[in-house]
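The next block holds one structure in the form of structure tokens; read it before the comments.
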Amino acid sequence: MGESIDHFEVLGLPRGAALDEEVLRLAFQARGRVTHPDAGGAGEVFESVNRAYVVLGDPASRLRHLCELEFGAGPDATGAVDAATMGLFEAVGAAIAGADAYLRRLEAAGSAVAKALLAAEGVEVQRAVMAAGGQVRARREEVLARLPGIDRELRGDRDLARQGIGECYRALGFLGKWGVQVGERMVALI
Amino acid sequence: MDERILGIDLGTSNSLVGVVDSGFPILFADADGARLTPSAVFYPEGGGEPLVGAAALRMRVLQPGRTVVSAKRHMGERGALAECERASGPEQVSAAILTRLKEVGERAMGENLDKAVITVPAYFNDAQRSATRRAGEMAGLEVVRILSEPTAAALAYGLDKLDERSKVAVYDLGGGTFDVSVLELNDGLFQVLATDGDTRLGGDDLDSALAAKLAEMADVGGLEATSPELVARFLEAARSAKEALSDACSVPVLLPFIDGEKGFETELTREEFEALARPVIDRTRVHCRRALAAAGVTADELDAVVLVGGSTRVPLVRETVAEVFGQVPDTSANPDEAVALGAVIQAGVMSGAIRDIVLLDVTPLSLGVETFGGLMNVVIPRNTTIPVARGELFTNAVAGQRTMKISVLQGEREMARDNWSLGEFEIDFVPGAKGSARVGVQFSLDADGILSVLARDTATGSDRVLEIRDAAIDVDDERVGQMVAESVEHAFEDMNERLWTGAKQKSEELLPAVAQALELAGDVLEDADERQIGAAVAAVQAALEGGDHGELKRANAALDQATEQLAALLVERALEG
């Protein structure tokens, strides 16, 4: 579904791919302060502010929205994913599967001795999940570092900008999903 | 002058009420001068008016079956909590407490007060929040806001720091519930970034663990084997010992006439208590880490960690918090009163008595619908700022389909069945080819975190509020039975069978694990230790033949204890390797 609202405009932010989290949160707080129903604002206005905060807060959905605004259609979701991101898939998948198997056995173990028997495996699993999480975060930072360049291209070679948006959008989609999955395992393991 | 609104902290153990007066939040004392009203209700014989507060608590030891405590733990469920002539479900019990608090407020102010802000644990779901609102209505109160407890505590904390910008975590461990929230405070604006918790974790669990230990020491055959009256006495002794141990290093416990003539007397140390409390308190760690991760904030970015809830007086809780967040927690707030003060402040904001404060809270749980294959499809993710509305489009899966049942869920699990079911609603299709009928459904969470569902017919453009069948009324009897069994007061009938099965399962797991552990690390054990383990194994095997659940449980515990060092050895080896 294409949206006609400009979420950047709703929060009074410049339109672009790169957006600092802190800048976004402060813009949301400034608008939320006057539009929240408790402050006398209308429900629909706060709803649009809230919606803009959610859409712009996630880099992938922000890129999709930017693409719709700039090119009248969302980014191509089915195109190729860059090799550096795809290369992480195996490591992340293995770490998650290993953690799940270990956590199932740990849950089934009801005594201190049974849990202790699993301790060696636990150390290994935790190490693997942490490493996978680190790789996902590092790759995500690399992708995010491309966004200011895309903003420059938007004022120059727009075809290149559109291509860049698509690439980053697809990579961030995968990295976001993996980040959540790895994070959940990490919390369960500590 | 604007109409006054009451601020109420409806707690698991204690409740408070207050109002903003001349611009300042104040809390009321009752006729006895007490600000804390115990959340206890006693239903006298013959169906007379229930007694609320300290008077009800005194009746608990005499008539535990007619006295309800910790009703909040059952909010959103059905079923009576007391053996009495009146309706005594969690909503009715809470309404009795709220009626009392309303009276306390009206007496203090000398005027009728019929609006209130009521706090609930941040982690309460839709059913629990709705039940709290209904309890307020039963007590003659218009509930203008259901407010999350840690958010309320943050309001109280931030009231004198309105011009600052800071990030704080609120660690709220009350009598029966645990919440942790991470907030950003910015010039009067309070934005909750993330919240997490457990609605069944609190000081009550410390009392139960300690009471069970005392019963074991008193040799009355385990807590579950004693009378309800004696359980109540053990729980009371446990609670007062727990409180004393917050300051003292050891405390005498005295229980006269527990078994006819026989009395029980012992000296309990803080170390002994902490050994029992640690597993309970450790359960809060994962929630703290999850809240920080969801907020995108690291522990060292926090300007303060605020402690609220009576259970944060326990020194081990403070140590645990310091460890998790890497900083000494802020204990300047009165742990019993901070939430109530926050409720009063929000009541002042809503009545217009306090200006320039705005709260942006979040929904603690993801909201979604069940899809084909029994999966949960998230519509509104957890930690989304409320109020919020999201649309979903539903279409007919087969030609000519006239209706579709949609099950609404709250929770974080992938499988629909692992989450809370809030109920079902039905949408109507205009019959047509597969995929031709379309109905847009809007899910809204209001500022109270309570759900409403609206269906829009895309053909006519007309909106219709969809009735969700209440999940609380639909809980099956087995689940209700389980809930009742969970409250210690009722857990005595038909327990033997269950206890035996539980103990047997534990033995069946323990024996092979010990054998394997001995094979791996037995070589470094002292002979004496190995002999002790051998004897403990033999005792478990003998108890398995015997059929007495108490004996088997004790034998399991002895084997657990005998193999403690062996387990530690294995963990040590693992960490070295």
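Chain letters run A, B, ... following the sequence lines, proteins first, then strands; residues in each count from 1.
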Side chain, backbone, both or neither: which part of B:Ala389 has a heavy atom under 4.5 Å from chain A?
-> both
For B:Leu520, is it the side chain, the backbone, both, or neither that has a heavy atom closer than 4.5 Å to a heavy atom of chain A?
-> side chain
Which of these passes salt bridge (Lys or Arg N to Asp or Glu O under 4.0 Å) with A:Arg15: A:Glu70, A:Glu68, A:Glu9?
-> A:Glu70
Side chains of B:Glu519 and B:Gln516: closer than 4.5 Å at any heavy-atom pair?
-> no
Pick from B:Val358, B:Thr384, B:Leu570, B:Thr385: which one has the most heavy-atom pairs with chain A under 4.5 Å?
-> B:Thr385
Would you call B:Leu359 and B:Arg145 a side-chain contact if the rule is heavy atoms closer than 4.5 Å?
-> no
Heavy atoms only, distances under 4.5 angstrom: which of B:Arg390, B:Gln346, B:Arg285 has the most pairs with chain A? Name it, please.
-> B:Arg390
Side chain, backbone, both or neither: which part of A:Ala108 has a non-hydrogen atom closer than 4.5 Å to chain B?
-> backbone
Using non-hydrogen atoms only, which part of A:Leu26 is less than 4.5 Å away from chain B: side chain, backbone, both, or neither?
-> side chain
Contact class of B:Asn186 relative to chain A, heavy atoms under 4.5 angstrom | both
Measure distances from B:Ile357 to the heavy atoms of chain A and classify the residue's part below 4.5 Å as side chain, backbone, both or neither.
-> neither
For atom CD of A:Glu107, is the number of surrounding heavy atoms from other residues, nucleotides or ligands below 6.0 Å larger than 12?
-> no
Counting only heavy atoms not in A:Met130, do more than 12 sit closer than 6.0 Å to its CE atom?
-> no
Greatest number of non-hydrogen atom pairs under 4.5 angstrom with chain B, of A:Gly183, A:Ala188, A:Ala109, A:Ala39, falls to A:Ala109
Over 12 foreign heavy atoms within 6.0 Å of CZ, B:Arg413 | no
Would you check if there is a donor-acceptor pair between the side chains of B:Glu509 and B:Gln505 at a distance under 3.5 Å?
-> no
Chain A heavy atoms under 4.5 Å from B:Asp187: which part of the residue, side chain, backbone, both or neither?
-> both
Against chain B, work out which of A:Val34, A:Leu117, A:Asp38 has the most heavy-atom pairs shorter than 4.5 Å and name it.
-> A:Leu117
State, without any angle test, whether B:Asn556 and B:Ser507 hold a side-chain donor-acceptor pair at a distance under 3.5 Å.
-> yes
Greatest number of non-hydrogen atom pairs under 4.5 angstrom with chain B, of A:Glu21, A:Glu121, A:Glu22, falls to A:Glu22
